[in-house]
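Below: the structure, in structure tokens.
When reading the values below, keep in mind they use all heavy atoms of this one structure, side chains included, and skip hydrogens, waters and symmetry mates. Indexing begins at 1, ligand by ligand and atom by atom, following the structure's order. Just so we're clear, the structure is a prediction, and the values are computed from it rather than from any experiment.
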Amino acid sequence: MRKKIVAGNWKMNLTLAQGEQLINDILATGLKLTEGQEVVICTPFPYLTKAKALLKNYQGFYVGAQNCHSEKAGAYTGEVAAEMLKSIDVDYVILGHSERREYFQESNAMLAKKVDQALASGLKPIFCCGEPLEIRQAETQNAYVAKQLEESLYHLTEEQLKDVVIAYEPIWAIGTGLTASAAQAQDMHAFIRSQIAAKYGREAALRISILYGGSAKPGNAEELFACPDVDGGLIGGASLVAADFTAIVSKLG
Ligand code: 13P
């Protein structure tokens, strides 16, 4: 069966000492993952090595970056390549987060190249998709998300897709306290899975993990994770508080 995953996206928060404390606090809760469950901690670049060292001996705990560059290497001052992340044992990389799309002009075409770099280096992309409020209000969110998937993922082979995780993050729910209802999340996740089935077949669709992100909290995680097509969460704000994050992970069931 497909993996259940809770990934914490720290975004641009915490010092190294604070991040170390947070990971130690999470581990100190004695949180146990069952077969097929994973926790991914996505820290800022400078903390990845430390995070990996702290989590190395814990079954099911992985480390993720929040971005990588679309080229393999070269004169791109200030940027980080997928291969560099792999060389420090990073497992996952978030790609296409709405904040990257909005503030750093990341297009679907550019993200297709980032996905390629990640996969070529042996990183697993957590590919984010999701619509802005005006698209939801116009009820055209399915077409919007379908285009994101098509333009950034559908050049992949079925074999490559096995290493991809999808995160549905409606932009209107990110950091706003306004969560998608369980029904809204389930509808979109089922739609995404049906799109994957149409392109890659039923087996590939049943295998791919689709995470929900956007104001997920201990109080709503259980209902969201109970939806048949919601395979976990990509957590922003609540991933910065050990008790909240572990409470969310415990709702994976
Ligand atoms: P919040 O959980 O803070 O709404 O953020 C969600 C998110 O953007 C995770 O990537």
Q: Taking salt bridge (charged side-chain N to carboxylate O under 4.0 Å, His left out) as the test, write out the residues that go with Lys124, two or more places apart.
A: none
Q. Are side-chain heavy atoms of Gln37 and Lys3 found at a separation under 4.5 Å?
A. no
Q) Which atoms of ligand 1 sit under 4.0 Å from any heavy atom of Glu169? A) 6 (C), 7 (C), 8 (O), 9 (C), 10 (O)
**Q.** Backbone or side-chain N or O of Thr176 under 3.5 Å from ligand 1 N or O
**A.** no
Q) So between His97, Glu99, Lys217, whose heavy atom ends up nearest atom 10 (O) of ligand 1? A) His97
Q. What atoms of ligand 1 come within less than 4.0 Å of a heavy atom belonging to Gly237?
A. 1 (P), 2 (O), 3 (O)
Q. Any chance OH of Tyr58 has more than 12 other-residue heavy atoms, nucleotides or ligands included, within less than 6.0 Å?
A. no
Q.
Tell me whether ligand 1 is touched by Gly175 - counting only heavy atoms on the residue side and a distance under 4.0 Å.
A. yes
Q | Close-contact set for ligand 1 against Ala173 heavy atoms, below 4.0 Å | A | 4 (O)
Q. Atoms of ligand 1 less than 4.0 Å from Asn9 heavy atoms?
A. 9 (C), 10 (O)
Q | Listed partners of Gln137 passing side-chain hydrogen bond (donor to acceptor under 3.5 Å, both in side chains), at least two apart | A | none
Q: Please work out which of the three classes, parallel, tilted or perpendicular, describes the rings of Tyr62 and Tyr92, given edges at 30° and 60°.
A: perpendicular
Q | Contacting atoms of ligand 1, where contact means under 4.0 angstrom from a heavy atom of Gly214 | A | 4 (O), 6 (C)
(Q) For ligand 1 and Gly236, I'd like to know whether there is a polar contact (N/O to N/O, distance under 3.5 Å). (A) yes
Q: Would you give the length of the straight line joining atom CD of Glu150 to atom NZ of Lys147, rounded to the nearest 0.5 angstrom?
A: 7.5 Å
(Q) Test of understanding: clusters of I, L, V, M, F, W, Y form through side-chain heavy atoms closer than 4.5 Å, transitively. Do Phe45 and Leu123 belong to the same one? (A) yes
